[in-house]
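Quick notes on the structure that follows.
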Amino acid sequence: MDALYSALEPKLRERGQWELFEEIELPLCRCLAEMELAGCRVDSKALSDFGGLLSRRAEELESDIYRLADGEFNINSPKQLGEVLFDRLGLSHGKKTKTGWSTNADVLEKLRGEHPVADAVLEYRQLTKLKSTYADGLLKALDPDGRVRTSFQMTVTATGRLSSTEPNLQNIPTRTDLGSEIRRMFVPEAGNVLVDADYSQIELRLLAHISGDEGMRAAFLSGGDFHAETASRVFGVERKDVTHEMRRRAKAVNFGIVYGISAFSLSQDIGTTQKEAKAYMDAYFATFPGVRAYMDRVVEQARTDGYVETLYHRRRDLPELSSSNFNLRSFGERVALNMPIQGTAADVMKLAMIAVWKRLKAELTQARLVLQVHDELIVECPAADAEKASTLLKEEMEGVAQLSVPLTADAHWGKNWLEAKG
DNA sequence: GCATGATCC
DNA sequence: GGTCGTGATCATGCA
């Protein structure tokens with residue numbers, strides 16, 4: 001240990017990363033160990049009933065698909081499905097993959113109006129995914145005490161996020177009503193509740209802070225609906241005149257900006273022409289000039305240094321930026337834009353976890369952290385402590401860093417994960 | 001073991 | 001003119 005410290009400490013200090021190690025990564029280890037040990041209770045009866053329901057509905061769809069396609073084949077094989085859809089039924093194909101025509105959800109959605117089989121396959125895929133990965137997968141991972149215990153990895157991602165394996169509890173469905181039923185099966189012990197607290201727009205708030213863009217900061221300081229505020233500014237209309245569609249598009253631009261999106265991808269995302277998407281991005285940068293300046297600055301700095309870093313000096317090397325391959329270089333530029341944002345969000349969340357963990361130990365000894373999903377923390381505690389735990393989570397998550405925009409977190413509790421999500 | 005496609009943030 | 005959204009994990013098919 002001593003030998004390792006004397007070898008590694010100077011190296012970390014040189015890179016300005018000693019505090020990252022001592023104040024974030026190291027104390028987080030114990031916190032994660034306790035979370036892994038605690039695990040989360042799952043209602044196995046409900047889960048296996050739900051699995052049965054999924055099977056029955058998938059079987060119905062299977063025979064629908066064979067009837068519509070006029071023959072049996074393996075629906076789970078993209079190769080066979082592609083042959084049926086595009087060769088035999090002659091439906092219009094979209095993009096290619098390495099091995100044939102793509103049959104992914106984007107393509108199938110475009111085929112909806114063309115042939116009823118597309119819809120059936122989409123639904124079949126949703127059901128079989130839920131069944132195999134979640135219903136069966138979680139039951140297989142269940143420990144004898146009725147709890148599932150994930151393994152959190154601290155050294156896997158390039159940005160500083162955690163990852164979760166065997167089972168992955170960071171990709172439990174939430175988007176569709178049917179999928180989010182899985183969350184209903186994550187339950188507390190009798191007499192307990194689950195408290196769920198999530199950061200609101202943490203990555204965009206960090207972009208506002210790091211870029212220093214005055215307009216974006218003002219939008220967050222106003223405390224309103226950020227996507228609607230963005231729409232109002234970008235489309236040049238009064239806040240009250242922002243339509244649902246304007247907000248939807250502004251949201252897609254906000255989202256894309258964080259990842260260094262192109263006009264092409266944005267147009268795909270919101271279903272417009274590339275020209276219109278480019279106009280939105282131009283309007284966005286005209287509205288938030290500090291964001292564009294930051295994006296230019298960070299890529300330039302990354303070219304000079306060969307790396308990017310977070311507010312807390314977590315670093316990612318970027319050899320891609322000096323590649324002669326256009327695609328690889330473009331990838332490096334997107335990473336240079338995204339890593340400081342996503343990585344700082346990860347740093348902030350890790351600091352919050354340590355702070356929450358300490359306070360729970362001191363003030364709510366019956367409460368324990370059970371899960372983290374990037375911008376969301378889940379605590380299990382006695383029902384009587386729910387209010388206190390919610391307040392504690394919100395306070396620690398919001399107070400963990402002093403930025404030029406407020407960090408906000410919302411907390412709810414309930415008798416299962418879906419309810420607690422609020 | 002790679003390719004595809006699903007899920008999450 | 002081509003390219004085209006960060007970061008992950010897991011199940012399945014198929015060579």
Side-chain angles (χ1 to χ4, degrees), chain A residues 73-82 95-108 121-138 140-141 150-176 178-180 182-183 198-199 201-204 207 252-270 274 277-278 281 308 316 318 320 325-346 349 371-376 421:
Chain A
F73 62 101
N74 188 345
I75 310 168
N76 295 321
S77 162
K79 181 168 172 280
Q80 293 183 39
L81 179 62
K95 57 194 171 190
K96 272 192 291 193
T97 65
K98 285 177 185 172
T99 53
W101 299 112
S102 171
T103 67
N104 72 16
D106 273 356
V107 171
L108 293 178
V121 172
L122 276 167
E123 205 179 332
Y124 175 85
R125 284 226 176 114
Q126 192 205 2
L127 294 169
T128 52
K129 174 70 177 178
L130 290 174
K131 166 83 175 149
S132 66
T133 302
Y134 300 107
D136 294 351
L138 286 171
K140 243 185 287 177
T150 186
S151 169
F152 286 112
Q153 320 297 135
M154 303 178 71
T155 56
V156 164
T157 71
T159 57
R161 275 188 175 181
L162 299 177
S163 78
S164 156
T165 58
E166 291 179 297
N168 181 355
L169 296 185
Q170 290 185 318
N171 71 345
I172 302 300
T174 184
R175 242 179 47 257
T176 66
L178 192 67
S180 61
I182 298 285
R183 290 197 176 211
D198 70 306
Y199 278 117
Q201 315 285 2
I202 187 170
E203 293 191 345
L204 286 165
L207 177 60
V253 182
N254 273 326
F255 196 57
I257 288 293
V258 173
Y259 302 140
I261 201 176
S262 66
F264 175 86
S265 307
L266 181 64
S267 68
Q268 293 287 299
D269 208 37
I270 57 182
Q274 200 169 329
K278 182 175 182 312
M281 291 178 69
V308 284
R316 176 168 180 174
L318 276 176
E320 295 92 343
N325 177 315
F326 175 84
N327 286 334
L328 201 51
R329 209 166 55 242
S330 302
F331 172 75
E333 288 168 5
R334 289 194 295 275
V335 167
L337 295 173
N338 173 260
M339 187 274 175
I341 307 291
Q342 188 185 119
T344 302
M349 176 53 103
L371 291 175
Q372 185 254 47
V373 190
H374 310 305
D375 64 357
E376 174 186 9
K421 193 104 171 92

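In what follows, chains carry the letters A, B, and so on, assigned in the order in which the sequence lines appear, proteins first and then strands, with residues in each chain numbered from 1.
A distance of 12.5 Å separates CG of A:N327 from CD of A:E320, quoted to the nearest 0.5 Å.
Straight-line distance from the OH atom of A:Y259 to the P atom of B:dC8: 13 Å, rounded to whole Å. Residue A:I182 contributes atom CD1, which lies 16 Å from atom P of C:dC10 at whole-angstrom precision. Residue A:N74 contributes atom CG, which lies 5 Å from atom P of C:dG13 at whole-angstrom precision. If you take CG of A:N104 and P of C:dA11, they are 21 Å apart, rounded to a whole angstrom. If you measure from atom NZ of A:K95 to atom P of B:dA3, you get 17 Å, rounded to the nearest angstrom.
Dashed line: the shortest gap from a side-chain N or O of A:S102 to OP1 or OP2 of B:dT4 is not under 4.0 Å.
When heavy atoms are screened at a 4.0 angstrom cut-off, A:R316 is found touching the sugar-phosphate backbone but no base atom. Residue A:I172 is in sugar-phosphate contact alone, with no base atom involved, counting any heavy-atom pair closer than 4.0 Å across all strands shown. Looking at heavy-atom distances under 4.0 Å, A:Y124 makes no contact with the nucleic acid at all.
Near-neighbour residues of DNA chain C inside residues 154-167 of chain A, defined by a heavy atom below 4.0 Å, number-ordered: A:V156, A:T157, A:A158, A:T159, A:R161, A:S163, A:S164, A:T165, A:E166.
Counting heavy atoms from C-beta on, the side chains of A:V121 and A:R125 come closer than 4.5 Å.
Taking atom P on both nucleotides, C:dG1 is separated from B:dA6 by 33 Å, rounded to a whole Å. Taking atom P in both C:dT6 and B:dG1, one finds a spacing of 27 Å when rounded to whole Å.
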